[in-house]
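To keep things clear, I will list the structure first and then write my remarks on it.
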Amino acid sequence: FDIQSVSGGSAVENATPQQITISVTENELAPKVGLSISASSIEEDAAGTITLTATLSVATTADVTIALATGGTSTEGTDYANVSDITISAGSLTGTATFDPTNDNTYEGDETAIIAIDSVSGGSATEDGTQSKTITINDTNDVPNVTLTVSGGSTASVAESGADLTVTATLSKATNE
């Protein structure tokens, strides 16, 4: 700061300009990012989605981008829609993405999706430890039934040295096993 002028009481500035410097020291810690989910399981044929939320410990003056990685027994883009990265806008504390299961007609059994923070950029933010969440996709398809048929009808008899007999097994629906 500089003294621009002095008035009143016959006061005058010293011959040398008067100046002071003030330093402002940041006392806030760098922001940390945490990851949470609105539910830990969802039906494969659910009409809704699960919300993935990234939360900063303190707001920043810059956007923060959280890149997400996926894993587990399910496949991104097949068993659920691609999961987008999360952006937390400058001045905000949270940002979201959605997890949307894909309904199919294939019996797969229950599967898991592991969503984890892969990297954090912007606003001097860092991941708060290792952040990953597991979501179970509950398979709503019925267990397939097996039907056996024998050539010539549902029963057949063949002499020991007779012709071949064909037995066919048919599943009521596809499986991935």
Side-chain angles (χ1 to χ4, degrees), residues 1-9 11-14 16-141 176:
F1 291 101
D2 290 329
I3 296 175
Q4 296 295 317
S5 65
V6 177
S7 64
V12 293
E13 184 176 0
N14 272 346
T16 51
Q18 301 294 308
Q19 185 178 52
I20 31 177
T21 303
I22 299 174
S23 297
V24 177
T25 304
E26 177 67 54
N27 64 355
E28 298 289 331
L29 297 175
K32 299 275 187 184
V33 177
L35 184 65
S36 63
I37 54 179
S38 61
S40 61
S41 67
I42 191 166
E43 302 296 312
E44 180 180 74
D45 62 355
T49 60
I50 290 178
T51 301
L52 311 169
T53 304
T55 304
L56 286 175
S57 57
V58 294
T60 70
T61 58
D63 289 354
V64 176
T65 301
I66 298 92
L68 299 175
T70 60
T73 60
S74 60
T75 304
E76 182 178 19
T78 301
D79 295 309
Y80 56 94
N82 290 335
V83 176
S84 66
D85 294 343
I86 298 173
T87 298
I88 301 174
S89 299
S92 296
L93 290 174
T94 61
T96 62
T98 57
F99 179 87
D100 188 9
T102 302
N103 189 17
D104 58 31
N105 197 28
T106 301
Y107 178 77
E108 304 158 303
D110 294 348
E111 297 178 291
T112 59
I114 300 171
I115 312 296
I117 293 178
D118 189 43
S119 65
V120 178
S121 61
S124 300
T126 58
E127 184 176 358
D128 188 8
T130 301
Q131 299 285 313
S132 77
K133 300 296 177 189
T134 301
I135 298 170
T136 301
I137 304 170
N138 299 312
D139 194 340
T140 54
N141 294 302
N176 69 349

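On a predicted model such as this, the values are computed, not experimentally measured, just so you know.
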inquiry  = One pair to check against side chain to side chain contact (heavy atoms under 4.5 Å, CB included): Ile135 and Ile50. What are the steps and the verdict?
reply    = CA-CA 9 Å; Ile135 298 170; Ile50 290 178; 3.5 Å; yes

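- Partners of Thr136 according to the side-chain contact (heavy atoms from CB on, under 4.5 Å) rule, which considers only residues two or more places apart in sequence or in another chain, are Ser41, Asp110, Thr112, Asn138.
- Considering all non-hydrogen atoms of both residues, Asp79 and Ile137 come closest at O-CD1, 4.1 Å.
- Looking at heavy atoms from C-beta onward, Thr78 lies out of side-chain contact with Thr102 at the 4.5 angstrom threshold.
- With values rounded to the nearest 0.5 angstrom, Ser132 atom OG is found 11.0 Å from Leu68 atom CG.
- A donor-acceptor pair under 3.5 Å links the side-chain atoms of Asp139 to the main chain of Glu108, judged by distance alone.
- Every pair tested for ring-ring contact (aromatic ring centres under 6.0 Å, His included) that includes a residue from residues 43-69 fails, sequence neighbours excluded, so the list is empty.
- For the pair Ser57 and Ala30, the tightest heavy-atom approach, listed with the atom from each and the gap, is OG-O, 4.2 Å.
- Here the side chains of Asp128 and Val33 are not in contact, with every heavy-atom distance at 4.5 Å or above.
- Residues Ile42 and Tyr80 fail the side-chain proximity criterion, which asks for heavy atoms closer than 4.5 Å.
- A 4.5 Å side-chain heavy-atom check between Ile66 and Ile88 finds at least one atom pair inside the cut-off.
- Remark: the backbone N or O of Ala67 is not paired with any side-chain donor or acceptor of Asp85 at under 3.5 angstrom.
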